[in-house]
Amino acid sequence: GDASPEEGAEALRRQRSAAERLRANNAHLRQALDSARQQRGQPAAGSARQAELARLQGLAGLFARKIEREERRVADLDAQLGAAREGIAEQRRASGDRARH
């Protein structure tokens, strides 16, 4: 199982060559896809407009989740405030009842 340094270097060269071919094929396919999209009137995959739209959609989702979280927090605080007010009113009624006896 031990490969000589020459065999290891040759295997590495073959892997690098294959990776370079894949990169070139990938770039060619990306160009063909962009061209096909442009012919159909769609923006190219790498267009700045599409990237900006995706970024803004992500931000919109983020802010929607933050707003929902804050709305739940406000509702929880309202419920706690209502319970505290009820507790205060109950204490006032109880102390008023004791004062009259």
Side-chain angles (χ1 to χ4, degrees):
D2 291 334
S4 71
E6 294 82 20
E7 290 171 330
E10 178 62 22
L12 184 59
R13 188 193 64 72
R14 282 193 309 267
Q15 288 173 346
R16 284 183 178 158
S17 177
E20 197 53 45
R21 279 193 310 274
L22 287 173
R23 269 190 221 100
N25 286 342
N26 198 13
H28 176 72
L29 289 172
R30 195 173 291 124
Q31 287 174 343
L33 180 60
D34 284 349
S35 176
R37 283 181 169 158
Q38 285 174 344
Q39 288 175 0
R40 290 196 321 241
Q42 296 176 344
S47 74
R49 186 172 133 197
Q50 186 176 9
E52 180 67 2
L53 180 60
R55 184 185 75 80
L56 292 174
Q57 287 172 336
L59 280 176
L62 174 72
F63 286 122
R65 288 187 298 278
K66 284 184 175 189
I67 289 169
E68 288 171 3
R69 189 170 45 240
E70 286 301 310
E71 286 173 342
R72 285 191 303 268
R73 190 170 154 262
V74 166
D76 288 345
L77 290 172
D78 282 345
Q80 291 174 12
L81 185 57
R85 285 183 175 149
E86 182 58 38
I88 291 169
E90 183 62 36
Q91 287 177 353
R92 285 183 178 158
R93 284 191 295 270
S95 65
D97 287 345
R98 269 184 268 139
R100 281 185 246 150
H101 286 92

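Just so you know, residue 1 is the first one in the sequence shown, and it goes up from there.
Annotation: salt bridge (charged side-chain N to carboxylate O under 4.0 Å, His left out) contacts involving residues 77-86, sequence neighbours excluded, comprise Glu86-Arg93.
The CG atom of Leu62 sits 9.5 Å away from the CD1 atom of Ile67 when rounded to the nearest 0.5 Å. Note that the CD atom of Gln39 and the CG atom of Asp34 stand 11.5 Å from one another [nearest 0.5 Å]. To the nearest 0.5 Å, atoms OG (Ser95) and CD (Glu90) are separated by 10.0 Å. Rounded to the nearest 0.5 angstrom, Arg30 CZ and Asn25 CG are separated by 11.5 Å. With rounding to the nearest 0.5 angstrom, the CZ atom of Arg72 is 9.0 Å from the CG atom of Asp76.
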Under 3.5 Å donor-acceptor pairs involving side-chain atoms of residues 15-22, not counting sequence neighbours:
| unit_1 | atom_1 | unit_2 | atom_2 | d |
| --- | --- | --- | --- | --- |
| Ser17 | OG | Arg21 | NH1 | 3.0 |
| Glu20 | OE1 | Arg23 | NH1 | 2.7 |

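Between the side chain of Arg65 and the backbone N or O of Gly61, at least one donor-acceptor pair lies under 3.5 Å.
Take Glu6 and apply the side-chain hydrogen bond (donor to acceptor under 3.5 Å, both in side chains) test, not counting sequence neighbours, and it matches Ser4.
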Q: Take Arg14 and Glu10 through the test salt bridge (Lys or Arg N to Asp or Glu O under 4.0 Å) and record every step on the way to the result.
A: CA-CA 6 Å; Arg14 282 193 309 267; Glu10 178 62 22; 3.6 Å; yes

